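Not measured: the values here are computed from a predicted model.
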Amino acid sequence: MYEEIIEKAFNALENAYVPYSNYRVGACVLTTDGKHFIGANIENASYGLTNCAERNAIFQTYSNGYRKENIEAIAIVCEGKTLATPCGACRQVLDELIEKETPIILSNRKMQKVTNIKELLPYAFGKDDL
């Protein structure tokens with residue numbers, strides 16, 4: 001069902017810049033009108049300035065005028081032995097920028113899991129908390 005978005009995320013993974021961790025991640029956002037926005041993780045010697053694949057993809061989506069109601073799904077892929085799940089910063093970003101039930105497809109070359117941000121960050125801090 002999600003083969004195309006997963007394939008595009010694996011293609012994005014090839015563009016990762018990971019000279020420190022050697023751990024490549026790719027992501028792809030699918031919009032409701034069928035467009036795809038990709039991202040790869042980009043590391044920096046100052047580790048805090050590294051940007052994750054899913055944030056790159058979602059920021060690109062928003063930069064092209066789309067908003068949470070226009071996002072159908074996001075795939076996050078890696079080549080590791082286990083599935084790559086979003087880090088805490090990415091979970092916080094996704095909580096604000098996608099709908100709570102939007103499918104988040106996690107995949108490596110051997111397994112796949114479909115989840116959502118509500119499951120990944122059940123007690124999120126958001127604008128309603130301000």
Where is the tightest heavy-atom contact between [X] and [Y], given as atom of each residue plus distance?
X    : Y   : result
N108 : G80 : ND2-O, 3.1 Å
T82  : Y23 : O-OH, 4.4 Å
T50  : E43 : OG1-CA, 3.4 Å
L106 : A84 : CD2-O, 3.4 Å

Distance (rounded to the nearest 0.5 Å) between [X] [atom1] and [Y] [atom2]:
X    : Y    : atom1 : atom2 : result
E54  : I76  : CD    : CD1   : 4.0 Å
H36  : L30  : NE2   : CG    : 4.5 Å
Q92  : I117 : CD    : CD1   : 8.5 Å
R55  : L94  : CZ    : CG    : 9.5 Å
T115 : I104 : OG1   : CD1   : 6.0 Å
K35  : T61  : NZ    : OG1   : 11.5 Å

Mind checking whether [X] and [Y] have side chains closer than 4.5 Å, heavy atoms only?
X    : Y   : result
L83  : C78 : no
I42  : N56 : yes
Y62  : I71 : yes
V25  : C52 : no
L121 : P86 : no

Without swapping roles, check the side chain of K110 against the backbone of K81 for a donor-acceptor pair under 3.5 Å. no
Same cluster or not: [X] versus [Y], using hydrophobic residues (I, L, V, M, F, W, Y) connected whenever any side-chain heavy atoms lie under 4.5 Å apart?
X   : Y    : answer
Y47 : L49  : no
V77 : Y2   : yes
V29 : L120 : yes

More than 12 foreign heavy atoms under 6.0 Å from CD of E119: is that the case here? yes
Has M111 got more than 12 heavy atoms of other residues, nucleotides or ligands less than 6.0 Å from its CE? yes
Can we say K100 and D95 salt-bridge, meaning some charged N sits less than 4.0 Å from an Asp/Glu carboxylate O? yes
F37 and Y66 aromatic centres sub-6.0 Å: yes
Checking side-chain polar atoms at under 3.5 Å, does [X] have a donor or acceptor matched by the opposite partner on [Y]?
X   : Y    : answer
D33 : T31  : yes
E72 : T102 : no
T85 : R91  : yes

Listed pairs under 3.5 Å, donor-acceptor, residues 5-20 side chains, sequence neighbours left out:
unit_1, atom_1, unit_2, atom_2, d
E14, OE1, R24, NH1, 3.2

Donor-acceptor contacts, no H, no angles, side chain residues 123-130, under 3.5 Å, sequence neighbours left out:
unit_1, atom_1, unit_2, atom_2, d
D129, OD2, G126, N, 2.7

